[in-house]
Amino acid sequence: DRPKIAAWKSHPDPRIDGKLAEWGPFDGSGADSWTELAYPADAETGRRNSASDLSARFSIRRTATGIAVAVDVEDNDVQNNHEGQDLYRGDLVEVYLDPQGNNLQWGSASDFQIGIAPVSSLPDDESDWYAWFQNGRPKQIQAAAVRTKRGYQAELRIGWGAMGNTVPARVGISVAV
């Protein structure tokens with residue numbers, strides 16, 4: 001069983017730039033709730049030696065324009081030299097979203113599998129993102145990632161328009177690193 005997590009209402013919308021300062025403290029003392037990812041349950045692939053080798057936490061917000069997700073990743077060796085649909089070949093955050101709340105249907109254009117990562121092959125380690133079920137980068141989605149001293153941070157906003165222009169009461173979401 002996965003936990004039920006409330007998405008905090010956010011006014012104004014967080015700026016999607018990969019920098020998480022406006023998301024509040026990571027210690028749970030702020031208005032925002034951070035959820036620790038469990039290893040190995042939330043790890044897509046690979047092994048880790050310690051929490052500094054790989055650990056992450058995430059937060060979710062409901063905004064006027066959509067759902068926003070922030071992920072703080074601690075990783076002592078961030079490596080991703082891939083872009084676009086090959087982004088999955090390196091370190092990244094993956095967000096799976098089921099706006100209908102009827103269980104994610106793999107490959108369905110009404111659900112989302114979105115990857116976000118800083119990319120070493122781009123100038124200044126710029127970030128890239130890709131939505132595999134939509135085969136590209138839909139305009140109603142914004143995403144960014146930045147490297148930090150401890151790893152990297154990623155942000156994502158999926159607009160209500162991408163989810164059928166309705167504000168669902170319940171959304172299925174999963175975050176993996």
Side-chain angles (χ1 to χ4, degrees), residues 1-18 20 23 33 35 37-38 40-46 56-73 78-119 121-122 126-146 152-177:
D1 268 337
R2 292 290 190 189
K4 294 186 182 348
I5 300 169
W8 297 95
K9 286 187 179 178
S10 179
H11 302 287
D13 284 7
R15 185 173 166 202
I16 304 300
D17 58 6
L20 307 184
W23 285 80
S33 172
T35 302
L37 292 177
D42 297 308
E44 189 70 17
T45 62
R57 71 194 98 205
F58 71 95
S59 186
I60 304 170
R61 290 184 180 179
R62 282 181 294 137
T63 74
T65 60
I67 292 176
V69 179
V71 185
D72 178 51
V73 179
V78 179
Q79 294 195 17
N80 196 327
N81 295 317
H82 307 280
E83 301 172 45
Q85 64 185 10
D86 290 329
L87 198 61
Y88 72 92
R89 295 177 180 262
D91 292 333
L92 80 159
V93 166
E94 284 188 280
V95 176
Y96 300 88
L97 188 92
D98 168 28
Q100 302 79 31
N102 62 352
N103 296 322
L104 184 95
Q105 304 298 311
W106 193 259
S108 170
S110 63
D111 292 333
F112 299 88
Q113 176 195 17
I114 302 167
I116 315 151
V119 179
S121 61
L122 294 174
E126 289 180 21
S127 65
D128 196 13
W129 67 275
Y130 195 80
W132 284 278
F133 296 170
Q134 288 70 34
N135 295 312
R137 297 176 188 90
K139 291 181 182 175
Q140 303 95 339
I141 299 173
Q142 296 90 38
V146 295
Y152 62 102
Q153 297 177 331
E155 283 181 295
L156 163 72
R157 181 175 34 244
I158 302 173
W160 298 125
M163 295 183 266
N165 287 317
T166 61
V167 180
R170 187 179 131 219
V171 173
I173 189 165
S174 180
V175 178
V177 293

For A56 against V177, the heavy-atom pair lying closest together: CB-CG1, 3.9 Å
Check side chain to side chain contact (heavy atoms under 4.5 Å, CB included) between V171 and all other residues, then give those that pass, not counting sequence neighbours. I67, L97, P168
Measuring only between side-chain heavy atoms, which start at C-beta, is F112 closer than 4.5 Å to M163? yes
Check whether W132 reaches the backbone of Y88 with its side chain - one donor and one acceptor, N or O, closer than 3.5 Å. no
Identify each donor-acceptor pair in which a side-chain atom of residues 98-106 lies under 3.5 Å from a protein atom, sequence neighbours left out, and give them as a table.
{"unit_1": "D98", "atom_1": "OD1", "unit_2": "Q100", "atom_2": "N", "d": "3.4"}
{"unit_1": "D98", "atom_1": "OD1", "unit_2": "G101", "atom_2": "N", "d": "3.4"}
{"unit_1": "D98", "atom_1": "OD2", "unit_2": "G101", "atom_2": "N", "d": "3.4"}
{"unit_1": "D98", "atom_1": "OD2", "unit_2": "N102", "atom_2": "N", "d": "2.8"}
{"unit_1": "D98", "atom_1": "OD2", "unit_2": "N103", "atom_2": "N", "d": "2.7"}
{"unit_1": "Q100", "atom_1": "NE2", "unit_2": "S110", "atom_2": "O", "d": "3.2"}
{"unit_1": "Q105", "atom_1": "NE2", "unit_2": "N103", "atom_2": "O", "d": "2.9"}

Heavy-atom closest pair, residues G18 and E155: N-OE1, 2.7 Å
For E83, the side chain to side chain contact (heavy atoms under 4.5 Å, CB included) test, sequence neighbours excluded, returns V119, S121, L122, D128
Counting heavy atoms not belonging to R137, are there more than 12 under 6.0 Å from its CZ? yes
Rounded to the nearest 0.5 Å, how far does CZ of F58 lie from CG of L37? 6.0 Å
Residue pair G90 / H82: nearest heavy atoms and the distance that separates them: N-CD2, 4.0 Å
Under the 3.5 angstrom rule, does the side chain of N80 hit a backbone N or O of L92 as a donor-acceptor pair? no
Would you indicate whether the side-chain heavy atoms of R157 and D13 approach each other to under 4.5 Å? yes
